[in-house]
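All remarks here apply to the structure that follows.
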Amino acid sequence: MTEKARTRYAPSPTGRPHIGNIRTAVFSYLLAKHTGGDFLLRIEDTDRKRYVEGSLEAIEDSLRWLGLDWDEGPGIGGPYEPYLQSERLELYLKYATQLVAEGKAYYSYDRERTEEERKAAEKNPQVSLSFSRRWRESTEEERQAAIADGIKPVIRFKVPLEGVTTVPDIVVNPPIVQNSSLSDLVLLKSDGFPTYHLAHIVDDHLMKITHVIRGQEWLPSAALHVLLYQALGWEMPVMVHPPVILNPPGVKGKLSKRESAVYVGQYRELGYLPEALLNYLVLLGWSYDDKTELFSKEELVEKFDLNRIQPTPAKYSVEKLDWLNAYYINHKLTREEFAQRSLPFLAEAGLITQDEVADLGERLGFIVRVCGLVKDKVKILSEVPGEIDFMFKPASELEYPAQDLVGKNESKAATAKILAASIDYLAKLPDEKFTTAGIAEGLSQLSADLELKNRGLLFWPVRIAMCGRKNSPDASAMIETYGREAALDHLRVACEKLG
RNA sequence: GGCGCAUUCGUCUAGCGGCCUAGGACGCAUCCCUCUCAAGGAUGAGACCAGGGGUUCGAAUCCCCUAUGCGCUACCA
């Protein structure tokens, strides 16, 4: 085992966490725990204009839901508090002015660029470069004039004009960039807040972060960060730049909310299991071997290896996630767990009350059996209510055409006979035989006794009578779940429908 | 436009010079099971390893070029 790693997830509070973003948190968490180290949460709230109320809570909820517990962070504290960058302003000021004193940074009396100027600068790097260096070699008179004009300066980093910088990285080949192509980045804004570039380096250093895991969109500016570490005389953490997640096949660009659900919270609301989402997210860009792809959180912690992160961006596809989720529901969850997790969705649909979500009391057994009817059928939890709502209604409220009962039987009259026979049979079936298996066996025998061509001719109308729809769970299982009285009611109503 | 990274079945991937007539999974097709829908079981189609040059006895694996994709190009992160 390698040395203990200290990693962090450092989102800015600009809204709900995006799954592409949270995936870097997953990798960070796994690395930390794999090495027996710490995973921290730090909030990068250095842009006051983009702050969104409630973001911190959304971030914390998402991490907790996925089971990514952090060892240090806002609220819980830690040896390097505070973990909110807005509360660490004097630190950034200190290092920025230190760099100025050392001649490695300088005050720049810029006016803010207009949208057009920015567009122009994007097209022509020379414009951008010269703009950023406008005050690099300014005279005292120029500075005094700017101050007299009331311009508040920013502090810019004095990037070396010559040489090349490379960024060592675990995932991709080290980018090699000419220093002359780099602009003098802003370290401290005119409002006294640091930029990301300064803040994350100061914090990662002070918080003793060993591995920085962040999206590949940071690769282009990583050379600048290398230079900054050098200027500050600090050792660099290991850099890890996993690829971004792309839109599904056929759609260009990185995963966007137009194309699919992108926020962790949305997946929760749709009824994905956190363990399935976690498993899927990890698989998107990481592999253990050529076969294994089902991993619990514990297995991931044990097996995670940075070197097996794929350098290529992966296209997001909800189909495999759906399969994984269905697999977890079907094979990993017990009936009780499945029912428990379905509760919020049943309440949402009005099938049970909020009080019952907290404590079902005597209804627990019934709910577990009802949910069990569709456990191997649903892909996501939000599908559960729609699949079993009929179980919550009396027979008289089921609406379906009588013709549906007939199925492959020759007539309504013939079907009615079969149902009548089923009623007689089930009414007399001993209690100990009133189980899914017992009922299935009994009704099969009955269909033979009635000399039907196949037992489907009996099961079909019985099943329709139970649920009023053509697609449903197993007929015998529904009968058992209803219990004898309710099941017989359903059959009687069906008989009446047939006239 | 400039700079950077990447490139194996439709998709996620295994592969780190001979084990590859390229393996697994999702999806798809067919069959089995079957009272419906699922689930489950079996089988199959599907990648001349982006294209072109090298290096080597030998390349999906190393190098170069081209193409394509993605990212960045703010006093945002």
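Just so it is clear: chains get the letters A, B, ... in the order the sequence lines come, proteins before strands, and each one is counted from 1.
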Please give, in whole Å, the distance from [N] [atom2] to [X] [atom1]?
{"X": "A:Y316", "N": "B:U11", "atom1": "OH", "atom2": "P", "result": "17 Å"}
{"X": "A:D305", "N": "B:C16", "atom1": "CG", "atom2": "P", "result": "15 Å"}
{"X": "A:L246", "N": "B:U7", "atom1": "CG", "atom2": "P", "result": "13 Å"}
{"X": "A:N173", "N": "B:C70", "atom1": "CG", "atom2": "P", "result": "20 Å"}
{"X": "A:I170", "N": "B:C5", "atom1": "CD1", "atom2": "C1'", "result": "16 Å"}
{"X": "A:L255", "N": "B:G71", "atom1": "CG", "atom2": "P", "result": "11 Å"}
{"X": "A:I309", "N": "B:A6", "atom1": "CD1", "atom2": "P", "result": "14 Å"}
{"X": "A:Q310", "N": "B:C70", "atom1": "CD", "atom2": "P", "result": "18 Å"}

Under 4.0 Å between any heavy atoms, over every strand shown, what does [X] touch: base, sugar-phosphate, or nothing? Just pick one.
{"X": "A:P249", "answer": "sugar-phosphate"}
{"X": "A:R308", "answer": "sugar-phosphate"}
{"X": "A:K252", "answer": "sugar-phosphate"}
{"X": "A:G407", "answer": "nothing"}
{"X": "A:G285", "answer": "sugar-phosphate"}

* Asked: How do A:L284 and A:V244 order along RNA chain B: which one's closest nucleotide is nearer the 5' end?
  -> A:L284
* Structure fact -> Per nearest nucleotide of RNA chain B, the residue lying toward the 5' end, A:L219 or A:E319, is A:L219
My understanding is that a pair needs two contacts under 3.5 Å, Watson-Crick or G-U wobble. By that rule, which nucleotide pairs with [N]?
{"N": "B:U68", "answer": "B:A6"}
{"N": "B:A25", "answer": "B:U11"}
{"N": "B:C33", "answer": "none"}
{"N": "B:C57", "answer": "B:G18"}

* Check the surroundings of atom NZ in A:K158: do more than 12 heavy atoms from other residues, nucleotides or ligands lie under 6.0 Å from it? => yes
* A:E90 atom CD, over 12 foreign heavy atoms within 6.0 Å -> yes
* To do: Report the relative orientation of the aromatic rings in A:F295 and A:W286; use parallel for angles under 30°, tilted for 30 to 60°, perpendicular for over 60°.
  => perpendicular
With rounding to whole Å, what would you report as the distance between [N] and [M] at their [atom1] atoms?
{"N": "B:U11", "M": "B:C3", "atom1": "C1'", "value": "30 Å"}
{"N": "B:A39", "M": "B:A45", "atom1": "P", "value": "23 Å"}
{"N": "B:A59", "M": "B:U68", "atom1": "C1'", "value": "23 Å"}
{"N": "B:U61", "M": "B:G54", "atom1": "P", "value": "15 Å"}
{"N": "B:G44", "M": "B:A60", "atom1": "P", "value": "25 Å"}
{"N": "B:G41", "M": "B:U34", "atom1": "C1'", "value": "13 Å"}
{"N": "B:A67", "M": "B:A29", "atom1": "C1'", "value": "34 Å"}
{"N": "B:A14", "M": "B:C76", "atom1": "C1'", "value": "39 Å"}

* To do: Could you check A:R156, A:R136, A:R134 and say which one makes a side chain to side chain donor-acceptor pair (under 3.5 Å) with A:D184?
  => A:R136
* Going by the ring pair (Phe, Tyr, Trp, His ring centres under 6.0 Å) test, name the single residue among A:Y316, A:W323, A:Y328 that passes it with A:Y280. => A:Y316
* Starting at the 5' end of nucleotides 34-47 of chain B, put B wherever the base has a protein heavy atom under 4.0 Å, S where only the sugar-phosphate does, and a dash everywhere else. => SBBBBSS-------
* Asked: With the sugar-phosphate defined as primed atoms, P, OP1 and OP2, and the base as all remaining atoms, what B/S/- string results for nucleotides 72-77 of chain B, 5' to 3', for protein heavy atoms under 4.0 Å?
  -> SBSBBB
Below 4.0 angstrom, N of the basic side chain to O of the carboxylate: do [X] and [Y] qualify?
{"X": "A:E275", "Y": "A:R341", "result": "yes"}
{"X": "A:K375", "Y": "A:E387", "result": "no"}
{"X": "A:R469", "Y": "A:D389", "result": "yes"}

Side-chain ([X]) to main-chain ([Y]) donor-acceptor, under 3.5 angstrom:
{"X": "A:E383", "Y": "A:K379", "answer": "yes"}
{"X": "A:Y482", "Y": "A:M466", "answer": "yes"}
{"X": "A:D376", "Y": "A:N330", "answer": "no"}

What are the atom names and distances for every N/O pair under 3.5 Å that joins the protein to nucleotides 22-24 of chain B?
from  : atom 1 : to     : atom 2 : distance (Å)
B:G23 : N2     : A:D290 : O      : 3.3

* To do: Please examine the side chains of A:V384 and A:F345, heavy atoms only from C-beta on, and report whether any two atoms are closer than 4.5 Å.
  => no
* Asked: Counting side-chain heavy atoms from CB outward, which of B:U13, B:G27, B:U7 is closest to A:T312?
  -> B:U7
* Report yes if the distance between the aromatic ring centroids of A:F27 and A:F304 is under 6.0 Å, otherwise no. => yes
* Asked: Going by atom types alone, do A:R42 and A:H200 pair a side-chain donor with an acceptor below 3.5 Å?
  -> no
* State whether A:Q216 places a side-chain N or O below 4.0 Å from either non-bridging phosphate oxygen (OP1 or OP2) of B:G4. => no
